Amino acid sequence: NYLLGVGRADCTGPVAEIPLMGYANPDQVGGGLLTRLYSRAFIVADLVDSRRVVFVSADIGMVSQRVRLEVLKKLKSKYGNLYRQDNVILSGTHTHSGPGGYFQYTLFWITSKGLIRPSLNAIVNGIVKSIDIAHQNMKRGRLFINRGTVENSQINRSPFSYLENPASERSRYSSNTDKEMVILKMVDRNGEELGLISWFAVHPVSMNNTNHLVNSDNMGYASYLFEQEKNKGMLPGEGSFVAAFASSNLGDVSPNTKGPICVNTGESCNNPQSTCPVGGATMCMAMGPGSDMFDSTRIIGQNIYLKAKELYEKASQEVKGPLSSAHQWVNMSDVSVELNATHTVKTCKPALGYSFAAGTIDGVGAFNFTQGSVEGDPFWDGIRDQLLGEPSNETKACHKPKPILFSTGEMTRPHPWHPDIVDVQIAAIGSLAIVAVPGEFTTMSGRRLREAVKREFDSHGAARMDVVIAGLCNVYTHYITTYEEYQAQRYEAASTIYGPHTLSAYIQLYRGLAKAIATDTVQDLPHGPEPPLFNVGNLTLVPALTADRTPANKTFGDVLQEVRQQYQAREVAEVTFVGANPRSSAENATEHNFLMVERYTRTSDSWHVVRNDASWDTRFYWTKGLFGRSNVTIEWHIPPGTEPGIYRIRYLGHYKKKLSITHSVSIPFEGTSSAFEITTL
């Protein structure tokens with residue numbers, strides 16, 4: 001028996017003009033909202049002593065060191081020593097459609113236009129608030145674990161790298177992706193359902209790099225379906241049941257199950273370089289199972305949800321036993337790894353290889369770089385040497401066979417470009433060990449890590465541990481491939497920043513944590529060197545918020561293009577308003593709802609909200625015009641089974657008004673469409 005608490009809080013942040021984090025495509029900036037982003041927190045506490053474990057899964061690209069350090073600081077000032085770096089795990093779902101700009105290392109500033117305070121604050125405050133809610137709602141309860149196979153939801157996007165792994169190792173597995181989902185079910189002692197955590201390895205990149213609507217992708221849609229199912233009659237984001245679909249070892253795993261296709265000719269480009277005969281690598285894109293990216297997100301998300309629901313309903317294996325957690329900070333650019341009695345190797349200062357610039361079949365790079373580059377290019381090398389300086393011979397040698405594009409570990413202006421100090425962490429809840437990893441482990445890397453941790457537990461008397469990998473935790477360090485995959489230098493290998501022995505170093509470190517937990521010697525682990533917190537203000541290229549203006553003879557919220565009078569299910573109700581910059585709302589309130597669909601009730605002569613901006617079937621588009629003008633278009637994709645009746649769409653915004661040169665205010669306004677009727681076929 002444990003004390004359990006669950007909490008959910010909004011962490012969406014500004015939905016306009018902020019670059020989205022994930023594809024590193026500078027043109028992909030926010031221009032509206034499909035679904036909200038949430039932080040979901042789960043606290044497990046011991047009834048007897050003060051031991052606790054906190055697991056947070058947030059709908060963001062990854063947890064950055066900046067986010068983690070600021071969250072821990074806030075938790076310390078609120079709760080003293082209760083929630084600390086060793087017992088709080090922060091994990092990102094890895095959606096590629098959330099606002100960026102929440103990093104302190106310089107590399108991430110390039111594509112996300114610097115450090116963007118409103119974006120960082122929304123994430124930090126959302127995570128802390130979700131933990132607050134969980135903390136305030138602790139009750140006695142029980143945990144159950146279950147596992148099962150998810151079909152038709154992933155492919156390996158670097159199958160040629162996977163084939164570099166030894167045949168004897170590959171023969172032990174039926175697939176080149178991990179199809180297993182692990183779920184943790186939480187109920188209180190009266191059997192009332194509290195929440196669920198699912199761990200499953202797939203990239204949330206069903207929404208591709210042409211998307212401009214902030215959303216939580218396939219994993220977020222699975223959470224949405226589960227929470228809508230359990231919080232009956234509630235709007236999205238409301239209700240006490242919390243369902244997190246967390247990331248795992250998804251490094252080489254794509255949800256785009258039709259595989260890589262040349263967009264111009266329609267032929268397959270499933271080759272070691274992911275390149276097309278006409279147009280090269282930029283034409284090679286993987287396609288999902290749906291008719292478009294929205295449909296693919298829905299299909300993959302629903303597959304994942306349905307498996308989790310089945311496993312949740314059948315979960316009967318109870319999780320019991322003590323809680324413990326182990327954490328260390330490690331300088332990953334300088335770890336000595338003992339491969340065997342005679343052989344010691346080292347990790348390297350961080351660096352990115354050429355194929356990093358190629359991107360992947362889920363989102364290609366900008367300059368037709370190809371994957372699998374083991375040779376540099378004199379043209380790009382020359383530009384790099386001019387702009388950023390040439391990598392040292394030591395770094396070149398250490399990273400071989402990776403040709404170095406950016407020697408980030410040797411770039412320190414205005415701040416270091418990549419982290420050296422990295423978190424390694426394991427939290428054990430009875431027989432469940434959650435291995436919190438700082439990046440994206442590939443399928444085989446994850447298998448090796450889980451196996452090594454399990455063996456370590458076994459050899460110290462903690463038999464039959466369930467080991468799960470939680471991805472994108474605590475600090476972002478890109479990818480972790482196996483030594484063999486590293487030799488092929490595709491995107492994941494080029495992005496394995498600490499060199500060919502990165503995985504071996506992590507395995508050695510996590511074995512140390514597992515041993516400490518199993519032998520109850522956690523208190524003897526050295527803390528390691530503390531990570532830096534750089535003094536960065538709001539350093540950004542995002543345009544400043546200017547006063548919002550309207551066209552002549554119009555006011556904010558006026559309808560520019562009206563809805564039709566009648567619709568049927570599967571049609572799209574659409575209305576365009578005189579709008580204002582959504583950032584004016586985000587800076588005002590942490591959880592501003594931009595839209596409502598309302599249904600008219602005759603008996604009470606009143607309108608009732610049936611959808612909000614977090615609903616899957618509503619879309620909020622913001623279009624920037626000239627001289628401070630902008631339009632907002634709201635779409636409602638009317639789902640099959642919608643109750644016939646009279647409806648309307650409302651838009652809620654804020655416009656920024658200048659009072660003087662230094663002072664401006666945000667003034668709320670709203671607009672409403674005409675009423676329209678939904679008829680049955």
Side-chain angles (χ1 to χ4, degrees), residues 22-23 93-96 148-165 169-170 173-181 198-209 217-219 221-222 245 247-263 266-276 281 283-307 355 358-364 370-372 440-447 469 471 479-482 484-485 488 490-493 495:
Y23 290 113
T93 60
H94 205 41
T95 171
H96 284 43
T149 306
V150 185
E151 294 295 347
N152 307 322
S153 301
Q154 351 145 274
I155 58 166
N156 190 308
R157 67 182 190 188
S158 281
F160 297 95
S161 301
Y162 180 89
L163 288 172
E164 297 285 325
N165 293 308
E169 179 180 37
R170 295 197 320 271
Y173 302 100
S174 60
S175 168
N176 63 1
T177 61
D178 273 334
K179 293 183 177 182
E180 186 172 73
M181 172 186 282
S198 150
W199 288 276
F200 177 63
V202 70
H203 256 75
V205 292
S206 290
M207 297 296 286
N208 64 37
N209 64 7
D217 213 289
N218 48 37
M219 287 302 192
Y221 185 58
F245 283 76
S247 62
S248 193
N249 56 316
L250 47 65
D252 50 2
V253 190
S254 167
N256 295 319
T257 49
K258 280 187 186 159
I261 293 160
C262 297
V263 257
E267 60 198 303
S268 166
C269 45
N270 188 19
N271 56 59
Q273 277 72 42
S274 299
T275 154
C276 294
M283 287 295 156
C284 186
M285 276 294 283
M287 299 292 171
S291 55
D292 62 14
M293 60 182 169
F294 295 90
D295 196 36
S296 293
T297 303
R298 180 187 64 77
I299 292 168
I300 299 290
Q302 187 165 303
N303 284 354
I304 293 167
Y305 154 72
L306 287 171
K307 179 48 83 171
S355 303
T360 69
I361 56 171
D362 292 324
V364 292
T370 55
Q371 295 200 61
E440 311 180 44
F441 277 60
T442 59
T443 301
M444 199 61 98
S445 289
R447 287 168 175 168
I469 288 176
Y479 287 75
I480 299 90
T481 63
T482 66
E484 292 84 354
E485 289 162 356
R490 277 175 63 84
Y491 175 81
E492 294 81 8
S495 306

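Please read these numbers as outputs of a predicted model, since none were measured by experiment.
- The two atoms that bring Asn271 and Arg490 nearest to each other are O-NH1, 3.7 Å, heavy atoms only.
- For the pair Asp217 (side chain) and Met219 (backbone), a donor-acceptor distance under 3.5 Å is absent.
- The distance from the OG1 atom of Thr443 to the OH atom of Tyr173 is 10.5 Å, given to the nearest 0.5 Å.
- A donor-acceptor pair under 3.5 Å is absent between the side-chain atoms of Ser248 and the main chain of Ala201, judged by distance alone.
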Q. What do the steps show when you test Val202 against Ile304 for side-chain contact (heavy atoms from CB on, under 4.5 Å), and what is the final call?
A. CA-CA 10 Å; Val202 70; Ile304 293 167; 4.0 Å; yes

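- For the pair Asn249 (side chain) and Met444 (backbone), a donor-acceptor distance under 3.5 Å is absent.
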Q | side-chain contact (heavy atoms from CB on, under 4.5 Å) between Ile361 and Asn256, intermediate numbers included | A | CA-CA 9 Å; Ile361 56 171; Asn256 295 319; over 6 Å; no

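- Proximity of Asn156 to Asp252: side-chain heavy atoms (C-beta onward) are separated by under 4.5 Å at one or more points.
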Q: Give the C-alpha distance, both sets of side-chain angles, the deciding distance and a yes or no for side-chain contact (heavy atoms from CB on, under 4.5 Å) between Phe294 and Met207.
A: CA-CA 7 Å; Phe294 295 90; Met207 297 296 286; 3.7 Å; yes

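- Side-chain contact of Thr297 with Asn218: a donor-acceptor pair under 3.5 Å is absent, judged by distance alone.
- For the residue pair Met293 and Ser206, the shortest heavy atom distance occurs at CB-O, 3.4 Å.
- Note on ring orientation: taking the six-membered ring where Trp is involved, the planes of His203 and His94 are perpendicular (angle over 60°, cut-offs 30° and 60°).
- Side chain of Thr482 to main chain of Glu485: a donor-acceptor pair is present (N/O by atom type, distance under 3.5 Å, no hydrogens or angles).
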Q: Given side-chain contact (heavy atoms from CB on, under 4.5 Å), test Gln154 with Phe200 step by step and report yes or no.
A: CA-CA 10 Å; Gln154 351 145 274; Phe200 177 63; 3.5 Å; yes

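- Of the possible polar contacts, none joining the Asn270 side chain to the Ser274 backbone as a donor-acceptor pair under 3.5 Å is found.
- Between Glu440 and Ile480, every side-chain heavy-atom pair lies at or beyond the 4.5 Å cut-off.
- Look at Arg157 and Glu492 and you find a salt bridge, because one of the NZ, NE, NH1 or NH2 atoms lies within 4.0 Å of a carboxylate O, short of that distance.
- The shortest side-chain heavy-atom distance between Asn208 and Met285 falls under the 4.5 Å cut-off.
- Summarising the geometry of Ile299 relative to Pro289, their closest heavy-atom pair is CG2-CG, 3.8 Å, with the distance given to 0.1 Å.
- By the 4.5 Å heavy-atom criterion applied to side chains, Pro255 and Val205 are counted as neighbours.
- A donor-acceptor contact shorter than 3.5 Å is absent between the side chain of Thr257 and the backbone of Ser153.
- Judged by distance alone, the side chain of Asn165 and the main-chain N or O of Arg170 form no donor-acceptor pair under 3.5 Å.
- A search for ring pair (Phe, Tyr, Trp, His ring centres under 6.0 Å) contacts involving Tyr221 returns Tyr224, Trp616, not counting sequence neighbours.
- Annotation: side chain to side chain donor-acceptor pair (under 3.5 Å) contacts of Ser175 (sequence neighbours excluded): Thr177.
- Between Cys284 and Cys269, the SG-SG separation falls below 2.5 Å.
- Counting only heavy atoms from C-beta outward, the side chains of Thr370 and Ser355 never approach each other to under 4.5 Å.
- Using a 4.5 Å heavy-atom threshold, the side chains of Thr93 and Phe245 count as separate.
- Side chain of Lys307 to main chain of Gly148: no donor-acceptor pair is present (N/O by atom type, distance under 3.5 Å, no hydrogens or angles).
- Ser247 places a side-chain N or O within 3.5 Å of a backbone atom of Gly471 that can act as its donor or acceptor partner.
- The backbone N or O of Tyr491 lies less than 3.5 Å from a partner atom in the side chain of Gln371, making a donor-acceptor pair.
- Between Gln273 and Phe160, the closest side-chain pair of non-hydrogen atoms is not below 4.5 Å.
- Atom-to-atom distance recorded for Lys179:NZ and Asn152:CG is 7.5 Å, nearest 0.5 angstrom.
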